[in-house]
Amino acid sequence: MNTYNRFPIVLEKGCGMYVYDENGKEYLDFVAGIAVNSLGHGHEKLCNVIAEQAKNMIHCSNLYWTKPQIEFAEKLVADTCFEKVFFCNSGAEAIEGALKLSRKYRKEGKKEIITMLNSFHGRTYGAITATGQAHYQEGLDPLLPNISYVPFNDFDALAAAVTSDTCAIFIEPIQGEGGIRPANKEYLQKVRALCDEKDILLVFDEIQCGFGRTGYLFAYQYYDVAPDVLTIAKGTAGGVPIGVLLANKKTASVFKPGDHASTFGGNPLATAAANCVIDELKGGLLENVKVQGQYLTTKLQELMAKHEQIIDVRGCGLMQGIELTVPVAPIIAKCIDNGLLLLNSGAKILRFVPSFIVSKEDIDKAMGILDEALA
């Protein structure tokens with residue numbers, strides 16, 4: 001269906017930080033499947049794990065236990081402040097689960113959910129209602145009721161919007177589709193205190209900014225502010241579809257058998273891949289994200305000093321963006337011509353979400369191509 005404006009490229013294979021089209025042309029990939037290919041393309045260990053698991057068992061129903069699923073759940077709980085997980089297949093599905101969990105948790109009939117303006121939570125009906133960008137919602141009225149929006153990073157506006165009917169607040173610690181906009185730490189601390197005071201669930205959407213992209217396993221750990229509920233997806237299994245809803249004990253306990261389900265969620269193939277990715281992250285890759293993220297910031301700031309159309313550099317780790325005074329579409333097209341894949345985050349923002357295996361040499365090459373395009 002006509003749902004994408006695709007670039008005129010047919011990609012056939014990938015290796016490390018590079019992809020190749022049907023004519024053999026090489027592209028340095030700073031899109032990574034939109035922050036999905038955490039370990040790059042053709043990662044030997046990940047490929048072997050997927051192949052071995054596919055030979056043993058690709059899928060079985062969640063009526064039964066499987067070892068990869070148990071192992072991944074145990075790893076997530078061991079490395080976070082959460083006690084329970086629910087596996088699904090995408091970020092949007094994880095958000096839908098969080099919306100249901102929030103409404104199930106509500107006390108005394110509380111039903112109001114507050115999200116942020118400029119947020120993006122997914123394309124399904126509940127997730128698109130929670131998204132604070134009207135252009136994504138055109139033609140979909142009536143939307144899910146009792147969801148409202150407040151400005152991001154504005155605690156006074158949020159506090160004013162909270163009522164006795166509020167059951168949950170949804171926040172992306174770093175807004176992705178909204179322009180690569182990080183939350184202020186003090187803001188998140190105040191929101192956490194407000195939620196504690198009012199018995200409101202704090203839900204962090206880390207679908208794009210989580211699972212290693214900040215240089216920490218989760219962005220909430222970078223901010224040192226723990227939510228009650230967390231959603232992840234994208235790069236969690238290195239390209240195999242998976243979504244995860246994590247919750248603390250008091251919140252997760254409201255789900256009972258039959259309240260929620262997912263046919264494919266957490267199947268052996270997806271969780272085997274996710275086990276490989278989390279092992280690689282904890283085995284040293286997170287440090288590379290921190291080191292290369294700092295280097296990328298430095299190089300982007302150098303470009304800003306050189307090109308007056310760049311007015312801001314922002315982000316964290318390997319989730320960064322530059323805001324320009326001009327539309328970025330022609331710049332992206334020029335970079336593609338010269339062998340670099342980039343994407344936007346809004347009409348005037350370039351987004352950089354490369355794989356976690358990126359090197360300084362890769363960054364230097366990307367910045368050189370971008371420098372020429374900007375000129």
Side-chain angles (χ1 to χ4, degrees), residues 61-65 69-70 72-116 119 121-122 124-131 143-148 158 161-173 188 191-207 210 218 220 225-233 236 242-266 271:
S61 169
N62 278 311
L63 295 171
Y64 316 102
W65 300 99
Q69 186 184 81
I70 294 169
F72 188 45
E74 288 177 339
K75 289 173 183 177
L76 288 172
V77 169
D79 289 318
T80 68
C81 62
F82 306 103
E83 296 182 67
K84 298 290 182 181
V85 303
F86 173 83
F87 292 121
C88 51
N89 313 286
S90 67
E93 193 178 336
I95 289 292
E96 294 289 341
L99 290 168
K100 286 179 68 175
L101 189 61
S102 298
R103 290 277 172 83
K104 291 279 289 184
Y105 176 81
R106 67 190 182 196
K107 298 178 180 178
E108 300 172 356
K110 292 181 178 182
K111 57 183 178 295
E112 180 71 25
I113 293 172
I114 301 174
T115 76
M116 304 297 118
S119 62
H121 296 293
T124 50
Y125 197 65
I128 208 69
T129 303
T131 292
L143 297 172
L144 195 69
N146 303 112
I147 294 181
S148 60
L158 174 60
V162 167
T163 71
S164 59
D165 203 26
T166 304
C167 67
I169 297 170
F170 280 58
I171 298 176
E172 296 165 272
L188 291 182
V191 175
R192 176 70 272 178
L194 176 67
C195 289
D196 289 339
E197 177 188 348
K198 304 289 186 181
D199 194 18
I200 296 168
L201 290 185
L202 179 57
V203 181
F204 277 5
D205 176 347
E206 294 199 16
I207 290 163
F218 295 102
Y220 86 83
V225 177
D228 301 296
V229 178
L230 185 79
T231 61
I232 58 172
T236 304
I242 192 171
V244 189
L245 172 67
L246 301 96
N248 57 26
K249 189 173 184 179
K250 71 168 185 176
T251 309
S253 64
V254 305
F255 269 169
K256 307 298 181 186
D259 281 348
H260 199 43
S262 173
T263 296
F264 296 102
T271 48

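Numbering of residues begins at 1 and proceeds along the displayed sequence.
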Who are the salt bridge (charged side-chain N to carboxylate O under 4.0 Å, His left out) partners of Arg192, not counting sequence neighbours? Asp196, Asp228

Can you list everything that forms a side chain to side chain contact (heavy atoms under 4.5 Å, CB included) with Thr263? Sequence neighbours excluded, please. His59

Does Gly126 offer a backbone N or O that forms a donor-acceptor pair with the side chain of Thr124 under 3.5 Å? no

To the nearest 0.5 Å, how far apart are CZ in Arg106 and CD1 in Ile200? 14.5 Å

Apply side chain to side chain contact (heavy atoms under 4.5 Å, CB included) to Ala161 and list each qualifying residue two or more places apart in sequence or on a separate chain. Ile114, Val150

Is the shortest heavy-atom distance from the side chain of Ile169 to the side chain of Met116 under 4.5 Å? yes

Flag side-chain contact, heavy atom, 4.5 Å: Ile95 against Asp205: yes

For Val229 and Ala98, the nearest pair of non-hydrogen atoms, with its separation, is CG1-CB, 4.2 Å

Ile113 side chain reached by Cys167 side chain, heavy atoms, under 4.5 Å: yes

Identify each donor-acceptor pair in which a side-chain atom of residues 79-87 lies under 3.5 Å from a protein atom, sequence neighbours left out, and give them as a table.
residue : atom : partner : partner atom : Å
Asp79   : OD2  : Lys282  : NZ           : 2.7
Thr80   : OG1  : Leu76   : O            : 2.7
Thr80   : OG1  : Phe82   : N            : 3.2

So Phe72 and Val77, do their side chains get closer than 4.5 Å, heavy atoms only? no

The side chain to side chain contact (heavy atoms under 4.5 Å, CB included) partner of Phe204 among Leu246, Leu230, Ile232 is Leu230

Going from CG on Leu101 to CG on Leu201, what distance comes out if it is rounded to the nearest 0.5 angstrom? 7.0 Å

Evaluate the side-chain proximity of Phe170 to Ser102: yes if any heavy-atom separation is below 4.5 Å, no if none is. yes

Point-to-point distance, once rounded to the nearest 0.5 Å, from OG1 of Thr129 to CD1 of Ile147: 5.5 Å

Inter-residue atom distance Ile128.CD1 - Glu96.CD, 0.5 Å rounding: 10.0 Å

Among all residues two or more places apart in sequence or in another chain, which pass the salt bridge (charged side-chain N to carboxylate O under 4.0 Å, His left out) test with Lys110? none

Under a 3.5 Å cutoff, is there a donor and acceptor pairing between the side chains of Thr166 and Glu112? no

Check whether Thr115 reaches the backbone of Ala130 with its side chain - one donor and one acceptor, N or O, closer than 3.5 Å. yes

So Ile171 and Val203, side chain to side chain contact (heavy atoms under 4.5 Å, CB included) or not? Walk me through it. CA-CA 6 Å; Ile171 298 176; Val203 181; over 6 Å; no

Just to verify, what does Lys198 make a salt bridge (charged side-chain N to carboxylate O under 4.0 Å, His left out) with, not counting sequence neighbours? none

Could you tell me if the side chain of Phe264 sits less than 4.5 Å from the side chain of Asn62, heavy atoms only? no

Verify, without hydrogens or angle tests, whether Glu206 (side chain) and Glu172 (backbone) share a donor-acceptor contact under 3.5 angstrom. no

Going by heavy atoms in the side chains, are Lys104 and Lys256 under 4.5 Å from each other? no

Val225 vs Tyr220 side-chain heavy atoms within contact, under 4.5 Å: no

Go through Ser262 and Glu93 one step at a time and tell me if the side chain to side chain donor-acceptor pair (under 3.5 Å) criterion holds. CA-CA 9 Å; Ser262 173; Glu93 193 178 336; 3.0 Å; yes

How long is the straight-line distance from CG of Leu99 back to NE2 of His121, given to the nearest 0.5 Å? 8.5 Å

Would you find a donor on one side and an acceptor on the other, under 3.5 Å apart, between the side chain of Arg103 and the backbone of Lys100? no

Closest non-hydrogen atom pair, Gly91 against Ala233: N-CB, 3.3 Å

Rounded to the nearest 0.5 Å, what separates atom SG in Cys195 from atom CG in Leu158? 7.5 Å

Within the distance-only criterion (no hydrogens, no angle test), does the side chain of Ser90 pair as donor or acceptor with the backbone N or O of Gly243 below 3.5 angstrom? no

